[in-house]
J.: 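My questions will all concern the structure given below.
Every number for a ligand or one of its atoms is a count from 1 in the order of the listing. All heavy atoms count here, side chains included; hydrogens, waters and symmetry mates do not.
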Amino acid sequence: MSKDHFETMAIHAGQAADRTTGAIMTPIYQTSTYVQDAVGKPRGYEYSRTGNPTRTALETCLAALEGGEYGLAFASGMAATDIVLRLLAPGDHVLAGNDVYGGTFRLFDKEFRRFGLTFSYIDTTDLEQVRQSLKPETRMVWLETPTNPLLNVTDISTVAGIAREHSLDSGDVGLGHPFLVVDNTFATPYLQQPLELGADIVLHSTTKYLGGHSDVVGGAVVTRHEAVYERLAFLQNAVGPVPGPLDCFLVLRGIKTLAVRMERHSSNAAAVAEFLSSHPRVQRCKYPFLQSHPQSEVARQQMKFGGGMLSFILKGGEQEARKVVESTRIFALAESLGGVESLIELPAAMTHASTSESALRVDPGLVRLSVGLEHIDDLIQDLKQALED
Ligand SMILES: *Cc1c(COP(=O)(O)O)cnc(C)c1O
C-alpha cells in the first residue's frame, strides 16, 4: 500500500477485504492450527502462537500508523514491555523516567532487577540529567511522554540525539547505541510519532486509546530496525504472550476511529483543563497544551494536540480529592483510561499504588482524569458539582 494519510491507513492498512468471501471486516480467525498441503508445506501459517491472520492485520496496521516497518501485537502493554526488556542481558543498565507507569516500574524493580539488570530513574525532561546519567553499560533509555499520571513531557528528538551519541559495541542486534524506547500510550500515533523523532522502538498499551472502548487488554511494539524486529518476533513466539484473534479484531476496530476520537478527546480535555485551572479550589492542573505546563512548548512541537489525559491537585489535599472522585456522576471512578467514557481516579491509592514505597511515589492528593467523548457541557457541569459538594 502506498503511504496514505493517517485516517485512511487506520481504516485500510493490513485490512484488505477477505479473499474468499469479500468480508469487508477482517475475519476473527479463531483457530490454533492450520492445515498443511504437505509435510513442511504450510500455506503461510502453522500455529497461532507463531502467527494468526487477524493478528497479522493488526500488526501491519500498527506498523503503518507509527511510520515503522514492523509491528508486533501482545496480550497486554506489560507483556510488550516484558518482551522489549528481554533484548537486554544481565549487567545492562536501563535509564528510565522517574514517573513511568506504575506497572512498568513494578516489572523493572520487582522482576528484572532479580535477573541482573540495573535501573536509574531520572527526570527525563531535564536533558542535562539524561546526558549525565548514561553509563558505559546503559543499553536502553525508557521514555514515557506524556507521563502517567503527571503528564510530564520529554523532548523525544533531543533524547534520541543524546542516545545516538552514546556509542556501544554493537551487540547482537547491531544498533551501536542504547535502544531508545518510547511508551506512546498517552499520545497515540495520531498525536505523536516517536520513530520519526528518532526513537528505535515504540510501545503501546492498546488497552487504552488504540482499543478505545474499554473492552480489551492488549499491547504493541513497532520498530524500523529489521534486526530488532527479528529478535522481538523470536521472543514473541518463544515466550508466547500473544493476543487472541478476537482481541486483535477489537483493537483493529477501535483503531479505525482513532483520529476522530483523539481530536474530540483532546478538545474536551483542553476545555476541562481550562475550567479546572481557573477553579478556586484547584491548586494546580497539568495538561500538556496548557500555557502553564512547564513543557508546553515541547509538547506543541512534538504533539498534534494535547491528548485526553490530565491531572490536578486540590487545595484541600488528599481528603478533598477522595471526596471529589467519589462524587462525580458522569466521570466514573475506575482505573484505566482512553475509552469513550470519562474516568476519574486517585493514582496514589489506585493505579500507582505499587510506587508508594519508592522515589516514584505520587502526591496522595493528585486526581487523574481520562476525558471521554461525552458532551463537554455535561463533563464540566459534572466536575463543577463535584467540586462544590
Ligand atoms: C496501562 C499502561 C501500560 C500497561 O498496559 P496494560 O495493557 O495495562 O498491560 C503501560 N504504559 C502506560 C503508559 C499505560 O497507561
Side-chain angles (χ1 to χ4, degrees), residues 58 62 66 72-85 94 96-112 119 121 124 140-154 156 181-189 191-192 194 199 201-222 236 239-244 247-248 250-251 254-255 262 265 269 286 288 303 306-311 334-339 343-348 350-355 360 362 366 368-372:
L58 172 60
L62 287 165
E66 283 289 0
L72 290 163
F74 293 94
S76 68
M78 293 321 305
T81 303
D82 175 79
I83 292 299
V84 168
L85 265 285
V94 179
N98 63 6
D99 60 342
V100 291
Y101 174 66
T104 303
F105 171 71
R106 179 175 55 198
L107 181 63
F108 289 179
D109 190 62
K110 297 279 186 287
E111 197 53 20
F112 279 109
F119 297 87
Y121 301 95
T124 54
M140 186 173 283
V141 177
W142 189 280
L143 286 189
E144 208 178 289
T145 182
T147 57
N148 181 358
L150 295 176
L151 283 310
N152 287 321
V153 172
T154 292
I156 298 172
V181 184
V182 176
D183 182 336
N184 204 26
T185 298
F186 267 36
T188 81
L191 301 184
Q192 173 172 284
I201 296 170
V202 175
L203 179 133
H204 281 279
S205 167
T206 58
T207 314
K208 315 295 169 52
Y209 288 106
L210 294 178
H213 296 75
S214 308
D215 52 9
V216 64
V217 171
V221 171
V222 178
Q236 182 196 44
V239 182
V242 293
D247 289 354
C248 293
L250 287 170
V251 176
I255 283 173
M262 291 317 292
H265 279 299
K286 202 94 172 277
M303 295 173 72
M309 299 299 298
L310 61 90
S311 57
E335 299 194 359
S336 199
L337 60 108
L343 303 178
I344 190 165
E345 68 126 358
L346 220 52
M350 296 170 64
T351 47
H352 289 67
S354 64
T355 64
L360 281 72
V362 293
L366 185 81
R368 188 187 78 179
L369 298 183
S370 173
V371 181

J.: Below 4.0 angstrom from a heavy atom of Gly77, which ligand 1 atoms are there? Numbered from 1 as shown, please.
T.: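 So the atoms of ligand 1 that pass are 5 (O), 6 (P), 7 (O), 9 (O).
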J.: I need the nearest protein heavy-atom contact for atom 4 (C) of ligand 1: residue, atom name and distance, please.
T.: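 Result: Tyr101 CE2, 3.4 Å.
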J.: Which of the atoms of ligand 1 are close to Gly218, meaning less than 4.0 Å from one of its heavy atoms?
T.: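 Matching atoms, with element in brackets: 7 (O).
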J.: Students often mix this up, so state it plainly: with edges at 30° and 60°, are the rings of Phe108 and Phe119 parallel, tilted or perpendicular?
T.: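 Aromatic pair Phe108/Phe119 classed parallel.
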J.: Starting from atom 14 (C) of ligand 1, what is the nearest protein heavy atom, named by residue and atom, and what distance separates them?
T.: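 Residue, atom and distance for the closest contact: Lys208 NZ, 3.0 Å.
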J.: Compare all side-chain heavy atoms of Met140 with those of Val84 and state whether any distance is below 4.5 angstrom.
T.: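 Heavy-atom side-chain distance check passes, below 4.5 Å.
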J.: Whether the Thr351 and Glu345 side chains hold a donor-acceptor pair (N or O, under 3.5 Å, no angle test) is what I'd like checked.
T.: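 A donor-acceptor contact under 3.5 Å links the two side chains.
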J.: I want to check something: taking the side chain as every heavy atom from C-beta on, are Thr104 and Trp142 in contact at a cut-off of under 4.5 Å?
T.: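 Result yes, sub-4.5 Å side-chain heavy-atom pair found.
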J.: State the atoms of ligand 1, each with its element, that fall below the 4.0 Å cut-off from a heavy-atom position in Glu144.
T.: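 Listed by number with element: 13 (C).
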J.: Which heavy atom of the protein is the closest neighbour of atom 9 (O) of ligand 1, given with residue, atom name and distance?
T.: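 Its nearest protein heavy-atom neighbour is Met78 N, 2.9 Å.
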J.: To the nearest 0.5 Å, tell me how far Thr185 OG1 sits from Lys208 NZ.
T.: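 It comes to 6.0 Å.
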J.: Flag Asn148 as yes when one of its N or O atoms lies below 3.5 Å from any N or O atom of ligand 1, and as no otherwise.
T.: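 Checking ligand 1 against Asn148, an N or O pair does fall under 3.5 Å apart.
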J.: Is the shortest heavy-atom distance from the side chain of Met309 to the side chain of Tyr209 under 4.5 Å?
T.: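 Result yes, sub-4.5 Å side-chain heavy-atom pair found.
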J.: Tell me: protein heavy atom nearest atom 12 (C) of ligand 1, and distance?
T.: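 Looking at atom 12 (C) of ligand 1, the protein heavy atom closest to it is Asp183 OD2, 3.4 Å.
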